[in-house]
Amino acid sequence: MRTVDLIIKKRDGLELTTEEIQFFVQGFTDETIADYQASAWAMAVLLNGMSDREVTDLTLAMANSGEVLDLSKVVDIALDKHSTGGVGDKTTLVVEPIVSACGLRVGKMSGRGLGFSGGTLDKMESIPGYRTNLTKAEFLAQLKDLGLVLTGQTGKLAPADGKMYALRDVTGTVDSLALIASSIMSKKIAAGAQRMVLDVKVGVGAFMKTLPEAKKLASIMVSIGRLAKRKVVCLLSDMNQPLGYAVGNALEVKEAIETLHGGGPQDFREHCLDVASHLLVLGKAAGTLAAARKKAEATLQDGSALERFRKLVAAQGGDVSYVDDPGKLPVAPIIKEVTAPKSGYIKWIDAQIVGETSVEMGAGRATKEDTIDPAVGIVVLHKVGDRVKKGEPLFVLHANSQKSLKAAETRVLAAHKWSAKKVKRLRHSYGVVDK
Ligand code: URA
């Protein structure tokens, strides 16, 4: 088999066989297929799509490209959550501690930023010392002893996904339904998850721009789950405007800590409670979503979720004093509050523009080698539907140079659209797909 023939076949819109997909994944993993060929192949998949059978084959080949964890000796039900990626999406930082405070064990392997969406690992690394590279033995030991882990995917788990993810980030091949579904499900299967909540983001700041696309992605992932004997619940949630207010690594960690203190932005808190409730039901810590939500809420009120977050940070080598005093987290040298250029109702805050701007300011990567500046980012101060008067604060920029500040100011101002008439607030959720 020749790699170039597989690229041509996909370029011409033809279906690859199971053997061809396995050959490609194997070759990409052991580096007999070069990055440039894999990039061309990924672009062909993005442009021409894949059949459900091809996506399932790709998922299983990527899941089996390395070790597959068996968590059955450590947990009764191996739970996991994953987001398809959004702007200001710091949900894991709050949901994992809630679920843990409700008595379930939860170990998660998260990713880095992808395209304009932020990554949980990049956020957690704003806390000095926090290790995101636990070994398999460390992961299992911490899951057993503390019942809570948040680390990166070890190189040995689904290595094909790890490599493909990094390549897609810098080759314009992120937003392919087939590549997203196989990326997420291969990781989850390899990490041993038996039951999972997948947070499928919908809107301009998500990889799935429309509800039908998001539903299609959700149903592919549910059906991959069925084939692989995993229970998958997909939540369809809004990503037209940033989730919460903060976008940027340390800024998001601060907002997550505020939420763990029982405060935080209302939309973000709601979303976290929603995701946590589904996990609690899947993990049998609650019989109904209503009962689960009560339990989850209580952990934010009584400080037990915050305490679990502290324990998590300490267990992974992070300096807990940054959790106790988030003011110590990295701060950008230039902070500028930008005011509203006019009075009116906000009818749109384009999450993709906000996400891209934050990446351009240094919160994400343009090439695989780029390093992240944890301090930079954007704090929007409003939500769609808010009435704002001319001259009132609209957003705050945290920048590391005047040049980046200026460019960001223009872009984020343009991301805000106005209406003279009252505007409806955006929905937070568009339903659940689990069948
Ligand atoms: N999250 C993933 O893990 N992979 C993708 O491709 C997109 C979001």
Side-chain angles (χ1 to χ4, degrees), residues 25 28 38-39 41-43 45-46 49-50 54-56 58-63 65-66 80-93 95 108-124 132 150-155 157-193 196-209 213-214 216-218 220-222 224-225 228 230 232 234-237 239 243 275 351-352 355-356 359 364-365 368:
V25 172
F28 181 53
S39 308
W41 180 88
M43 185 58 82
V45 170
L46 178 130
M50 276 187 150
E54 283 178 295
V55 182
T56 306
L58 180 61
T59 304
L60 295 177
M62 294 209 299
S65 64
D80 209 342
K81 81 150 278 270
H82 197 86
S83 158
T84 57
V87 177
D89 187 0
K90 60 221 69 105
T91 308
T92 296
L93 277 59
V95 165
K108 174 159 166 45
M109 295 194 187
S110 282
R112 300 204 174 270
L114 186 65
F116 56 79
S117 81
T120 300
L121 300 183
D122 298 328
K123 293 171 202 187
M124 289 304 288
T132 56
L150 178 52
T151 183
Q153 191 178 325
T154 73
L157 287 189
D161 173 60
K163 286 190 76 205
M164 182 56 76
Y165 193 88
L167 196 65
R168 285 167 56 214
D169 190 24
V170 292
T171 55
T173 50
V174 169
D175 32 10
S176 143
L177 215 125
L179 296 180
I180 295 176
S182 55
S183 162
I184 294 176
M185 289 304 293
S186 64
K187 277 195 277 274
K188 300 291 110 180
I189 291 171
M196 62 201 90
V197 174
L198 303 181
D199 187 9
V200 179
K201 301 289 188 196
V202 195
V204 292
F207 300 128
M208 298 297 110
K209 306 288 181 205
E213 268 180 310
K216 171 89 180 125
L217 175 65
I220 293 176
M221 294 195 295
V222 169
I224 297 172
R230 306 305 205 267
V232 175
C234 291
L235 309 185
L236 303 168
S237 56
M239 189 34 74
L243 182 61
V275 176
Q352 177 164 351
E356 283 170 357
V359 170
R365 298 174 186 80
K368 281 202 285 184

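The residues of the chain are indexed from 1 along the displayed sequence. All ligand and atom numbering here is 1-based and tracks the order in the structure. These numbers come from a predicted model, not from an experiment.
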Problem - NZ-OG1 distance between K187 and T59, expressed to the nearest 0.5 angstrom - result: 11.0 Å
Problem - Ligand-side contact atoms (ligand 1) for residue partner Y165, heavy atom cut-off under 4.0 Å - result: 2 (C), 3 (O), 4 (N), 5 (C)
Practice task
Just need the protein heavy atom nearest to atom 3 (O) of ligand 1, so name the residue and atom and give the distance.
Solution key: K187 NZ, 2.6 Å
Handout entry: Short N-O contact, D122 and R365, less than 4.0 angstrom
Key = yes
Handout entry: Sub-4.0 Å atoms of ligand 1 with respect to non-hydrogen atoms of R168
Key = 5 (C), 6 (O)
Problem - Any N or O of S183 closer than 3.5 Å to N or O of ligand 1 - result: yes
Fill in the blank from the handout: Here the gap from L179 atom CG to T173 atom OG1, rounded to the nearest 0.5 Å, amounts to 6.5 Å
Problem - S117 side chain reached by D89 side chain, heavy atoms, under 4.5 Å - result: no
Exercise for the section: Tell me which part of T84 gets within contact of ligand 1: side chain, backbone, both or neither, using heavy atoms under 4.0 Å. Expected result: backbone
Problem - For atom 7 (C) of ligand 1, closest protein heavy-atom neighbour - result: L114 CD2, 3.6 Å
Fill in the blank from the handout: The side-chain contact (heavy atoms from CB on, under 4.5 Å) partners of S237 (sequence neighbours excluded) come to D199, K201, H271
Problem - Closest protein heavy atom (residue, atom, distance) for atom 1 (N) of ligand 1 - result: H82 NE2, 3.4 Å
Problem - Value rounded to 0.5 Å, distance of CG in D175 from CG in L217 - result: 11.5 Å
